[in-house]
Amino acid sequence: MNKLETYLVKLIEAQGPLNIAAFMAEALGNRRHGYYMKQDPFGRGGDFTTAPEISQMFGEMIGLWHAGNWLNMGSPEKIHLIELGPGRGTLMQDALRSIKIVPGLLDAIDLHLIEMSPVLRKRQQDALKNYARPIWHDHIRDALAAAKGKPVLIIANEFFDALPVRQFQKSEAGWHERLVRLDENRRLSLGLAPAPCPEQMIPAAVLRADIGNIVEICPVAENILAEICEHIHAFGGAALVIDYGHDRHGVGDTLQAVRDHKYVDILADPGDADLTTHVNFQRLKEVAQDGGLQVFGPTEQGKFLKAVGIDARAESLLKVATAEQSKDILSALHRLTDDAQMGRLFKVMALAEPSLAGVIGFER
Ligand code: SAH
């Protein structure tokens, strides 16, 4: 039993079972033993690889996207650029490099990073030291408070999939919350709350699902997005959310644990594996529409990157590349955009202030 499991067993003995959201929050964010709190999980030697770690072209496209918005907004003198969950800082480093070519934009930017992990904050600081002086926050609301009165440009890549979800399973009697409890050997095991929850907790679109089905809700994601929308509606700006997920409401257990590039049991060695779920873009879209914003997409990552210009960027990199580098550029382009790779599973959704006359990368 690792240290986090020992702690969770004591916690459950003292207070009763945890719901899946509380378990996820502990597994990822426990101050001492949480997955993101104690290590840098990325890259070949780590547990998983993300798009910005595959190629500089990914972050550069994000930078161009935001630069286009800034120009379309009439080049405001001051703008706050906010990244949620910046990982190693690679995406922001590449984005700022492409932003630098737009006269005046870098000087207009105040950079905010939302990051809970001290280990990753240090990596981000090192990655960005030649470009900007970021301000770190634990919560988006603190960054938005610092940006009060000014427009914002926001990016979140593989951030929403790490937020804690609650799961409910349908029985004859109704929907029961899924819980992490202890088995007879004092080990973590999955179970269900004995009584069904109030029906209004379940999204209307799935209420009639068959018995046995599981539904996931992510109140934290909804709250974060609602706060972002409120700011953009009041003070202007645009946001880009990129993640794997589905574009309509549905049922299914999407919670997964990944360690060393392989799927593992979600309860085995908590805090030593990454835990994620698929993002429900339909729900996020509803929140943004309720918040009075324009919503674009979700579209597929491959289509988005091509529409912003990744092929042209690859071509210009290829012109000055060695044979070895050319192979890497082409293979990265394939991984990021091909339907069978990240191109289709990953979705991109954009939000914008009502007055913005469109954003790059989306068909209307
Ligand atoms: N965007 C990066 C990293 C994705 S991993 C990339 O694409 O490579 C998720 C990131 O979100 C990590 O930096 C993690 O520490 C951070 N994170 C996860 N949950 C968080 C939370 N609740 N609050 C703040 N940061 C969080």
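In listed order, ligands and their atoms are each counted from 1. Please read these numbers as outputs of a predicted model, since none were measured by experiment.
- In this structure, atom 22 (N) of ligand 1 lies nearest to the protein heavy atom Leu163 CD2, 3.8 Å.
- Atoms of ligand 1 found under 4.0 Å from any heavy atom of Gly87 (numbered from 1 in listed order, with element): 2 (C), 3 (C), 13 (O).
- For the residue pair Glu216 / Asn280, no side-chain donor-acceptor distance below 3.5 Å is found, with atom types taken as modelled.
- Between Phe160, Tyr36, Trp136, Phe58, it is Tyr36 that holds the heavy atom closest to atom 5 (S) of ligand 1.
- Distances shorter than 4.0 angstrom occur between a heavy atom of Pro52 and an atom of ligand 1.
- Heavy atoms from other residues, nucleotides or ligands lying under 6.0 Å from NZ of Lys38 number more than 12.
- Side chain to side chain, Glu353 and Ser355 meet the donor-acceptor criterion of an N or O pair below 3.5 Å.
- Ranking protein heavy atoms by distance to atom 11 (O) of ligand 1, first place goes to Gly85 CA, 3.2 Å.
- Here the heavy atom of the protein found nearest to atom 21 (C) of ligand 1 is Met116 SD, 3.7 Å.
- Taking the six-membered ring where the residue is Trp, the centroids of Tyr244 and His278 are separated by under 6.0 Å.
- At the shortest separation from atom 13 (O) of ligand 1 among protein heavy atoms lies Glu115 OE1, 2.6 Å.
- Judged by distance alone, the side chains of Asn2 and Asp272 do bring a donor and an acceptor atom under 3.5 Å apart.
- Side-chain N/O atoms of Asp47 and His261 include no donor and acceptor closer than 3.5 Å.
- If you number the atoms of ligand 1 from 1 as listed, the ones under 4.0 Å from a heavy atom of Glu158 come out as 4 (C), 5 (S), 9 (C).
- Near Leu120, the atoms of ligand 1 lying under 4.0 angstrom from a non-hydrogen atom of the residue are 12 (C), 13 (O), 15 (O).
- Between the side chains of His33 and Glu5, no donor N or O sits under 3.5 Å from an acceptor N or O.
- Under 3.5 Å, the side chains of Trp136 and Gln125 contain no donor-acceptor pair of N or O atoms.
- Of the protein's non-hydrogen atoms, Phe159 CE1, 3.6 Å is the one closest to atom 26 (C) of ligand 1.
- In this structure, Asn157 has a heavy atom closer than 4.0 Å to ligand 1.
- Residue Thr50 touches ligand 1 through its side chain alone, judged by heavy-atom distances below 4.0 Å.
- No donor-acceptor contact under 3.5 angstrom links the side chains of Gln56 and Asp94, judged on distance only.
- Every heavy atom of Leu28 sits 4.0 Å or more from the atoms of ligand 1.
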